[in-house]
Amino acid sequence: MRAAVVSELGRPPRPDEVADPTQGDGEVLVEIEAAPLNPIDLAVVAGRNPAGHPALPFVPGCEGVGTAGGRRVWVYRQGIGIARSGCMAERVAVPREAITSVPDGADPSVAAAMGIAGMAGWASLSWRVPVRRDDVVLVLGATGTVGNVAVQAARILGAARVVAAGRDRDALDRLDADAKVPLEGDLVEAFREACQGGPTLIFDPLWGEPAAAAAEAAKPDARIVQLGQSAGVTAPITSAAIRFKGLEIYGYSVFNIPKDVLEREYARLVERAMIGDIQVEIERLPLDRVADAWEQQATSPHRKLVLTP
């Protein structure tokens, strides 16, 4: 079968012919239709992922959407693409626990885009730190796929006001938010003004300086859902900003979502995408262009790259 193959850490995968996967006990054979690229895939192949990588040579891809037993499924978790070969191939054998049903009628590429990236923007606000009706939600990193979904999710889930913050002014302009803040200059004052006094819920995939500014600008009893470190592995948040305002910080990772919650929230999200309530830009590339896709992903494109075997 055709697959993307990593032969050496630190180098992009290349398309090649490999043996068909061997289906073990308790495993399901999935015919892959769409395999999105994610930052974690680049980290695994670069040898920078804390959880390691499969034995070389291996097929990358921590998630994918395909068919198994006549139904469409999302493949994710159970070490896929991290401890064992992944989804950037025509077929993959995976544990039954690694598959989640995809709602009937969903486009495979859309369902794939709603996986790791979509769920980060959706489940963090629908389940981990649910949006309240009076919330003023500040979405940091709003111009990426994750942040874009979060902006739309906050609106759908009933926020009173949604503020988008990001580095790309053109991408900010395209977002449906009540206010938009470029990540430059005096962020504390800019966040306070855009949020009409300060945010009550902060969506943070960045950490670093933007997270510190958002915490400083936050209203008393605000909540922060933290799910990434694109702007820095540490953030200079002051003790006073946390303790005097009683801020609450919640960590989010799709790896930690209980299976029943994962299935429920993924179905809700894909159904929203199917009717157009959640929209992201998707670029589909054939598997043979995996090296090109890898190069594009490294520049943090404002669209979801999806390989189609």
Side-chain angles (χ1 to χ4, degrees), residues 1-68 73-100 102 108-109 111-113 115-120 227-229 253-257 259 262 266 285-298 300 304-309:
M1 69 173 182
R2 201 73 171 158
V5 178
V6 177
S7 301
E8 179 183 344
L9 294 180
R11 299 186 63 181
R14 293 290 187 269
D16 202 354
E17 293 290 331
V18 299
D20 281 332
T22 302
Q23 187 176 344
D25 292 340
E27 292 187 339
V28 176
L29 187 65
V30 180
E31 298 280 343
I32 295 295
E33 299 172 295
L37 271 71
N38 293 286
I40 189 172
D41 297 317
L42 272 65
V44 170
V45 172
R48 294 185 283 101
N49 184 51
H53 58 83
L56 292 166
F58 66 88
V59 175
C62 291
E63 66 171 333
V65 167
T67 58
V73 296
W74 172 40
V75 176
Y76 181 56
R77 303 205 293 193
Q78 297 296 314
I80 305 300
I82 297 175
R84 55 190 291 162
S85 278
C87 295
M88 293 181 186
E90 293 179 326
R91 289 174 290 282
V92 62
V94 301
R96 292 186 184 279
E97 295 80 7
I99 64 173
T100 298
V102 173
S109 294
I116 293 175
M119 285 289 283
L227 60 155
Q229 55 182 37
S253 169
V254 71
F255 286 106
N256 297 332
I257 302 179
K259 180 64 172 175
L262 183 80
Y266 177 70
L285 300 100
L287 184 63
D288 282 347
R289 289 189 58 197
V290 62
D292 293 337
W294 219 258
E295 184 176 349
Q296 290 186 50
Q297 181 64 42
S300 301
K304 195 64 185 170
L305 303 175
V306 178
L307 294 175
T308 54

What distance separates Leu9 CG from Leu56 CG, expressed to the nearest 0.5 Å? 5.0 Å

Show the nearest heavy-atom pair for residues Ala89 and Pro309, with the distance to one decimal. O-CG, 3.4 Å

Heavy-atom closest pair, residues Asn38 and Gln297: C-NE2, 4.3 Å

I would like to know whether Met119 and Leu262 meet side chain to side chain contact (heavy atoms under 4.5 Å, CB included); could you show each step before the answer? CA-CA 9 Å; Met119 285 289 283; Leu262 183 80; 3.8 Å; yes

Distance (rounded to the nearest 0.5 Å) between Trp294 CH2 and Arg11 CZ: 14.0 Å

Considering all heavy atoms of both residues, which atom of Val18 and which atom of Ala3 are nearest to each other, and what is their separation? CG2-CB, 3.7 Å

Would you say the side chain of His53 lies within less than 4.5 Å of the side chain of Val6, judging by non-hydrogen atoms? no

Could you pull out all residues at least two apart from Glu97 that satisfy salt bridge (charged side-chain N to carboxylate O under 4.0 Å, His left out)? none

Starting from the C-alpha separation in whole Å, work towards a yes-or-no answer on side chain to side chain contact (heavy atoms under 4.5 Å, CB included) for Gln78 and Val94. CA-CA 8 Å; Gln78 297 296 314; Val94 301; over 6 Å; no

Within the structure provided, determine whether Leu37 and Met88 are in side-chain contact (heavy-atom separation under 4.5 Å). yes

If the test is side-chain contact (heavy atoms from CB on, under 4.5 Å), which one of Val44, Val59, Ile80 qualifies with Pro54? Val44

dist Asp288:CG -> Arg2:CZ (nearest 0.5 Å) comes out at 4.5 Å

Minimum heavy-atom separation for Val65 to Ala111, with atom names? CG2-C, 3.9 Å

Testing the basics here: between Thr308 and Ser109, what is the closest heavy-atom pair and its distance to 0.1 Å? CG2-OG, 4.2 Å

Salt bridge (charged side-chain N to carboxylate O under 4.0 Å, His left out) involving Asp292 - partner list, sequence neighbours excluded: Arg289

What salt bridge (Lys or Arg N to Asp or Glu O under 4.0 Å) pairs are there with at least one residue in residues 32-49, not counting sequence neighbours? Glu33-Arg72

Between Trp74 and Tyr266, what is the ring plane arrangement, given parallel below 30°, perpendicular above 60°, and tilted in between? parallel

Counting distance only, does the side-chain N/O of Arg77 pair as donor-acceptor with the main-chain N or O of Phe255 below 3.5 Å? yes

Value rounded to 0.5 Å, distance of CG in Asp20 from CZ in Arg91: 4.5 Å

With no hydrogens and no angle check, is any side-chain donor or acceptor of Gln296 less than 3.5 Å from a backbone partner on Leu305? no

Tell me, do Pro21 and Gln23 make a side-chain contact under 4.5 Å, heavy atoms counted? no

Let me see the working for Ile40 and Ile82 under side chain to side chain contact (heavy atoms under 4.5 Å, CB included), right down to the final yes or no. CA-CA 9 Å; Ile40 189 172; Ile82 297 175; 3.8 Å; yes

By ring-ring contact (aromatic ring centres under 6.0 Å, His included), which residues pair with Phe58, not counting sequence neighbours? none

For Glu27, give me all partners under salt bridge (charged side-chain N to carboxylate O under 4.0 Å, His left out), at least two apart in sequence or on another chain. Arg84

Nearest heavy-atom contact between Cys62 and Tyr76 is O-CD1, 3.2 Å

What residues, two or more places apart in sequence or in another chain, satisfy salt bridge (charged side-chain N to carboxylate O under 4.0 Å, His left out) together with Glu295? none

